[in-house]
Amino acid sequence: QVKFVESGGGLVQAGGSLRLSCAASGSTFSISGIGWYRQAPGKQRESVAGISSAGNTNYADSVKGRFTISRNNAKNTVYLQMNSLKPEDTAVYCCNLPRQFLLNTSWGQGTQVTVSS
């Protein structure tokens, strides 16, 4: 069983940057793929970026070229570097196992990202 705690969100102006951290607990972190997801008010949760146990990455078209996902297995942590932020990036960001996104279960509190124009 893996649990996650997100941090690093905040208020930033358009064009600015933030780095989110996802601290994981559990002994299976190093062999798990991890994804970042976000949900804006009144909208469904969407996938933002993912990273496999081997370090392969994928991104939503809306963030490609602006966001970078990475992981440090020794620290049981996944990061999301967000550059060139836009107001439409405003959302609560959560990390989770991809299968939990599909099942819509086991979500933590997430971290709020607000981008002002």
Side-chain angles (χ1 to χ4, degrees):
Q1 184 68 42
V2 180
K3 295 183 178 180
F4 305 98
V5 178
E6 302 90 349
S7 62
L11 174 63
V12 65
Q13 293 181 331
S17 299
L18 286 172
R19 189 180 76 157
L20 307 184
S21 296
C22 170
S25 62
S27 60
T28 62
F29 173 81
S30 64
I31 63 172
S32 300
I34 307 294
W36 280 100
Y37 308 87
R38 67 186 182 187
Q39 186 170 30
K43 297 184 178 180
Q44 292 186 341
R45 183 178 289 107
E46 63 177 341
S47 177
V48 177
I51 185 166
S52 73
S53 60
N56 299 310
T57 60
N58 60 78
Y59 301 91
D61 288 342
S62 60
V63 307
K64 194 171 298 181
R66 300 188 297 120
F67 291 10
T68 303
I69 188 171
S70 62
R71 66 191 297 164
N72 186 328
N73 289 339
K75 297 182 177 180
N76 280 7
T77 303
V78 175
Y79 305 96
L80 185 68
Q81 178 66 47
M82 306 186 296
N83 299 325
S84 302
L85 283 163
K86 304 175 180 179
E88 51 262 46
D89 295 319
T90 296
V92 175
Y93 285 71
C94 298
C95 57
N96 215 332
L97 303 176
R99 68 174 180 269
Q100 297 302 330
F101 169 67
L102 297 175
L103 295 172
N104 194 31
T105 61
S106 301
W107 293 100
Q109 295 185 31
T111 185
Q112 175 72 49
V113 172
T114 303
V115 184
S116 62
S117 60

How close do Gln39 and Ala91 get, counting heavy atoms only, and between which atoms? O-CB, 3.4 Å

Answer yes or no: is there a donor N or O on one side and an acceptor on the other, between the side chain of Thr90 and the main chain of Val115, under 3.5 Å? yes

For Arg71 and Ser52, indicate whether the former's side chain and the latter's backbone hold a donor-acceptor pair under 3.5 Å. yes

Step-by-step salt bridge (Lys or Arg N to Asp or Glu O under 4.0 Å) determination, Lys86 to Asp89: CA-CA 5 Å; Lys86 304 175 180 179; Asp89 295 319; over 6 Å; no

Which atom names give the shortest non-hydrogen contact between Ile34 and Ile69, and what distance separates them? O-CD1, 4.0 Å

Linking I/L/V/M/F/W/Y whenever any side-chain heavy atoms sit under 4.5 Å apart, do Tyr79 and Val5 land together? no

Looking only at heavy atoms, which two atoms of Val48 and Tyr93 are closest? And how far apart? CG2-CE2, 4.3 Å

Would you name the heavy atoms of Arg66 and Leu85 that are closest together and state the gap between them? NH1-CA, 3.9 Å

For the pair Glu6 and Leu20, evaluate side chain to side chain contact (heavy atoms under 4.5 Å, CB included) and give the outcome as yes or no after the intermediate values. CA-CA 7 Å; Glu6 302 90 349; Leu20 307 184; over 6 Å; no

Do Val2 and Trp36 land in one hydrophobic cluster if side-chain heavy atoms of ILVMFWY residues count as linked below 4.5 Å? yes

Without swapping roles, check the side chain of Asn96 against the backbone of Tyr37 for a donor-acceptor pair under 3.5 Å. no

If we count only N and O atoms by modelled type, under 3.5 Å, do the side chains of Ser116 and Gln13 hold a donor and an acceptor together? no

Is there a path of hydrophobic side-chain contacts, each under 4.5 Å between heavy atoms, that joins Val92 and Leu80? no

What closest approach, in Å, do Tyr59 and Ala49 show between heavy atoms, and which atom pair accounts for it? CD2-CB, 3.6 Å

Summary of disulfide bond (SG atoms under 2.5 Å apart) pairs that have at least one residue in residues 4-42, sequence neighbours excluded: Cys22-Cys95

Heavy-atom pair of closest approach, residues Ser32 and Leu97: CB-CD2, 4.0 Å

Within 6.0 Å of CD in Gln44, more than 12 heavy atoms from elsewhere: no

One should read off an interatomic distance between Arg99 CZ and Ser106 OG, to the nearest 0.5 angstrom, of 9.0 Å

Sequence neighbours left out, what passes disulfide (SG to SG under 2.5 Å) with Cys94? Give chain and number order. none

Under the side chain to side chain contact (heavy atoms under 4.5 Å, CB included) test, which residues partner Ser17, sequence neighbours left out? Gln81, Asn83

Within 45° of the six-membered ring axis of Phe101 and under 6.0 Å from that ring's centre, is NZ or CZ of Arg45 located there? no

